[in-house]
Asker: 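Got a structure for you, written out below as structure tokens; questions coming shortly.
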Amino acid sequence: MRIIPMCFSSILQVPRCRFHTLANFWPESFHSLPNKCGSNSTFRLHSAKLDGLEGGYSRRWIRRPVSTKTEGTNKITQNKNKLTSASHGVLEETVSTSTLNITKTENIEYRNIPYFDIRREILENNDLAKLVTVIVFDLETTGFSRTEDRIVEIALRDLHGGENSTFQTLVNPGRSVPNTIVHGISKCMVENPNVPRMKEVAPILLQYVKSRHKPGGYALLVAHNGRAFDVPFLITELNRCGVELPSNWLFLDSLPLARKWIKTKGVKSRTSLQGLREHLGIKLEGPAHRAMSDVRVLIIIFQKMTFDLKATVASLVADSFTASEKKNEMKESDVKKKKKN
DNA sequence: GGCCCTCTTTAGGGCCTT
């Protein structure tokens with residue numbers, strides 16, 4: 001029986017609060033962003049500000065704990081130090097981490113929810129927007145090709161923060177890592193026996209997202225250039241593992257949002273994550289091009305843009321796409337490619 | 001590969017993701 005380490009970090013000790021009105025939510029953290037940027041405390045200020053609200057909101061639902069199978073408390077405790085180091089220096093977290101142990105044979109059942117137009121449902125019913133949980137994510141891979149390359153690191157963070165709000169893990173791609181120079185993730189790091197393969201990560205990833213959204217709710221997963229890169233990569237990797245993405249997952253690409261923000265606000269910035277980060281003076285809290293480091297940056301940028309654009313959850317949902325739609329796009333693209341060849 | 005922009009649309013260069 002193999003124990004797989006994951007890192008579920010709790011960085012933003014933020015209570016879940018009403019989130020469907022983004023425009024009303026962001027000012028709490030971003031109206032003075034330019035003055036705060038440049039300090040390494042932007043995120044913590046955000047956290048601290050919201051911490052002050054603790055208790056101010058009553059929880060409307062109970063977050064389901066991530067389902068795990070363990071080998072007993074002692075073993076978990078024994079593994080804790082090992083697992084903390086197994087985060088491979090991803091970030092210099094100062095928060096407590098919990099461990100997730102899962103056996104290879106664990107059988108987590110995912111209902112295959114029939115597809116329907118979730119966006120229309122949410123847009124037509126404002127109450128459903130309250131059921132949307134926004135999660136920012138980023139992938140590090142061995143290259144740009146979803147067919148030839150593999151994921152080496154995954155990081156997600158629920159925008160609300162709170163306990164177990166983050167998920168991050170290295171992934172053993174089972175092949176060489178030719179672009180270590182880009183993200184600093186080496187073959188040696190991912191070949192560590194504690195680093196899981198994608199087929200082992202997949203059910204835990206699904207379970208993590210499920211644990212973050214409300215019962216009967218939806219997850220809106222945000223990534224920069226996600227439509228062209230992260231989402232097709234994720235779909236392809238999960239499909240290799242025989243896993244279909246749940247139909248209550250929606251995806252949002254923050255790149256078009258950045259273009260819109262730059263255009264409408266007359267911002268002089270490139271649309272890349274680095275360009276936006278530099279423009280806003282956001283200090284890195286870890287190496288660039290590591291998944292969680294980029295997630296942190298994107299969260300700040302995303303909040304700034306949605307605040308400036310007065311975006312609501314409903315408007316973000318309107319711009320989102322489903323895995324099913326992306327899969328169709330990918331199929332069409334593959335057909336075109338074959339015709340070309 | 002997909003999207004956007006323009007010195008465009010019967011095209012092509014540049015940007016974005018690792």
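Proteins get letters first, then strands, A, B, ... in listed order; numbering begins at 1 in each.
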Asker: Taking the P atom in each of dC15(B) and dT10(B), what is the distance between them to the nearest angstrom?
Answerer: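 These two P atoms come out 25 Å apart once rounded.
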Asker: Find the distance Asp149(A):CG to dG1(B):P and express it as a whole number of Å.
Answerer: 12 Å
Asker: Produce a footprint string for nucleotides 11-18 of chain B: one letter per nucleotide, 5' end first; B if the base is under 4.0 Å from any protein heavy atom, S if only the sugar-phosphate is, - if neither.
Answerer: ----SBBB
Asker: Going by the rule salt bridge (charged side-chain N to carboxylate O under 4.0 Å, His left out), which residues pair with Arg270(A) if we only count those two or more places apart in sequence or in a different chain?
Answerer: Glu278(A)
Asker: Suppose you measure atom C1' in dT8(B) against the same atom in dC3(B); what distance do you get, rounded to whole Å?
Answerer: 15 Å
Asker: Considering residues at least two apart in sequence or located in another chain, which fulfil the side chain to side chain donor-acceptor pair (under 3.5 Å) criterion with Glu237(A)?
Answerer: Arg240(A)
Asker: Just how far, in rounded Å, is C1' of dG1(B) from NZ of Lys326(A)?
Answerer: 8 Å
Asker: Run the side chain to side chain donor-acceptor pair (under 3.5 Å) test against Ser186(A) and tell me which residues pass, sequence neighbours left out.
Answerer: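 Result, side chain to side chain donor-acceptor pair (under 3.5 Å) vs Ser186(A): none returned.
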Asker: Check this for me: does any side-chain nitrogen of one of Arg212(A) and Asp158(A) sit under 4.0 Å from a carboxylate oxygen of the other?
Answerer: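 The answer is yes: the pair qualifies as a salt bridge.
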Asker: Could you work out the separation of dT6(B) and dT18(B) based on their C1' atoms and round it to a whole Å?
Answerer: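 Nearest-Å result for dT6(B) against dT18(B) at atom C1': 29 Å.
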Asker: Under the side chain to side chain donor-acceptor pair (under 3.5 Å) test, which residues partner Arg227(A), sequence neighbours left out?
Answerer: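 With sequence neighbours excluded, Arg227(A) shows a side chain to side chain donor-acceptor pair (under 3.5 Å) to Glu329(A), given in chain and number order.
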Asker: Among residues at least two apart in sequence or on other chains, which ones pass side chain to side chain donor-acceptor pair (under 3.5 Å) with His183(A)?
Answerer: Asn179(A)
Asker: Take atom P in dC7(B) and the same atom in dG14(B), then report the distance between them in whole Å.
Answerer: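 About 14 Å, rounded to a whole number of Å.
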